[in-house]
Amino acid sequence: MPPAIAPAPAQPGLPILIVPDQRLKTRARPVGPADEAKVRALVPQMFAAMYAAPGIGLAAPQVGALLRLTVIDLMEDDKKHPIVLINPEIVAASEELATREEGCLSLPGQYADVTRPARVKVRYLDETGAKREIEGEGLLAACLQHEIDHLDGVLFVDHLSALKRNMILRRLAKERRQAREG
Ligand code: GNR
Ligand code: NI
């Protein structure tokens with residue numbers, strides 16, 4: 001017997017995990033020399049998934065790879081400025097805080113104001129394994145912190161009150177149920 005309803009066509013490229021997937025709550029492990037081939041294959045696929053979404057950042061755990069790896073591109077001036085961050089660490093954060101609206105590809109359609117340090121300095125390895133530092137403010141600072149949070153199993157809703165977090169999680173679940181039911 002054929003299925004009564006045809007399954008949805010699989011999306012091309014890497015699927016992005018959606019809340020509540022336990023992998024999004026798991027701390028990722030550092031990338032090591034043994035991961036070189038895996039990282040080399042994963043990075044272009046992560047950029048493809050991020051640009052297609054579209055989003056300005058994507059962390060490896062969002063595509064099911066529990067490695068400390070993230071890609072970012074703010075697409076300033078409508079041009080590509082891809083950044084690969086391996087084992088990123090916040091080494092300095094401003095006392096000054098900034099609040100901005102955030103979204104997340106793992107909580108599609110959900111947005112909330114998140115307060116974080118206004119400026120951060122991040123140490124990381126680039127795709128060639130070279131040690132690098134990046135200092136960000138504004139959207140870049142928020143994005144760096146949002147992506148590094150993913151590597152620690154933390155989502156933007158974890159920075160909100162329990163009331164706001166639960167409102168968003170319930171709304172996401174409801175919207176996804178309604179989308180499935182048509
Ligand atoms: O596309 C994204 N937009 C965004 C906006 C404000 C702060 C952080 C982000 S990251 C997000 C993509 C994503 O989910 N990355 O993990
Ligand atoms: Ni995210």
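Note that ligands are numbered from 1 as they come in the structure, with each ligand's atoms numbered from 1 the same way. Numbering starts at 1 and runs along the sequence shown.
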Within 6.0 Å of CD in Glu133, more than 12 heavy atoms from elsewhere: yes

Nearest protein heavy atom with distance in Å, relative to atom 3 (N) of ligand 1: Ile56 CG1, 3.4 Å

Per-atom contacts, ligand 1 versus Glu101 - under 4.0 Å to a heavy atom: 6 (C)

Atom 14 (O) of ligand 1: the protein heavy-atom neighbour that sits closest, reported with distance to 0.1 Å: Leu105 N, 2.9 Å

Ligand 1-proximal atoms of His146, by part, heavy-atom distance under 4.0 Å: side chain

Main-chain N/O of Val31 paired with Asn87 side-chain donor or acceptor, under 3.5 Å: yes

Nearest-contact summary for atom 13 (C) of ligand 1 - protein heavy atom, Å: Gly57 O, 3.4 Å

Distance, nearest 0.5 Å, that separates CG of Leu172 from CZ of Arg177: 11.0 Å

Sidechain-backbone polar pair: Arg68 side chain, Leu151 backbone, donor-acceptor under 3.5 Å: yes

Side chain, backbone, both or neither: the part of Gln62 lying under 4.0 Å from ligand 1 by heavy atom: side chain

Identity of the nearest option to atom 6 (C) of ligand 1, non-hydrogen atoms only, from Met50, Met75, Glu102: Glu102

Separation between OG1 of Thr115 and CZ of Arg100, rounded to the nearest 0.5 Å: 11.5 Å

Contact check, Ser106 vs ligand 1, heavy-atom distance below 4.0 Å: no

Ala59 N/O under 3.5 Å from ligand 1 N/O: no

Minimum side-chain heavy-atom gap Pro108-Ile18 below 4.5 Å: yes

Ligand 1 atoms in contact with Gly55 (distance to a heavy atom under 4.0 Å): 1 (O)

Close side-chain approach of Ile134 to Arg132, heavy-atom, < 4.5 Å: no

Interfacing atoms of ligand 1 (cut-off 4.0 Å, heavy-atom, Glu147): 10 (S), 13 (C), 15 (N), 16 (O)

Proximity of Arg100 to ligand 1 by residue part, where a heavy atom lies under 4.0 Å: neither

Side-chain ion pair, Asp73 and Lys79, N-O less than 4.0 Å: no

Cationic N near anionic O, under 4.0 Å, Arg119 to Glu135: no

Where ligand 1 meets His150 - atom numbers and elements under 4.0 angstrom, heavy-atom basis: 16 (O)

For atom 9 (C) of ligand 1, closest protein heavy-atom neighbour: Gly103 O, 3.8 Å

Ligand-residue contact atoms, ligand 1 with Cys104, heavy atoms, under 4.0 Å: 14 (O)

Euclidean distance, Asp149 CG relative to His159 NE2, rounded to 0.5 Å: 3.5 Å

Any N/O pair Cys143/ligand 1 closer than 3.5 Å: no

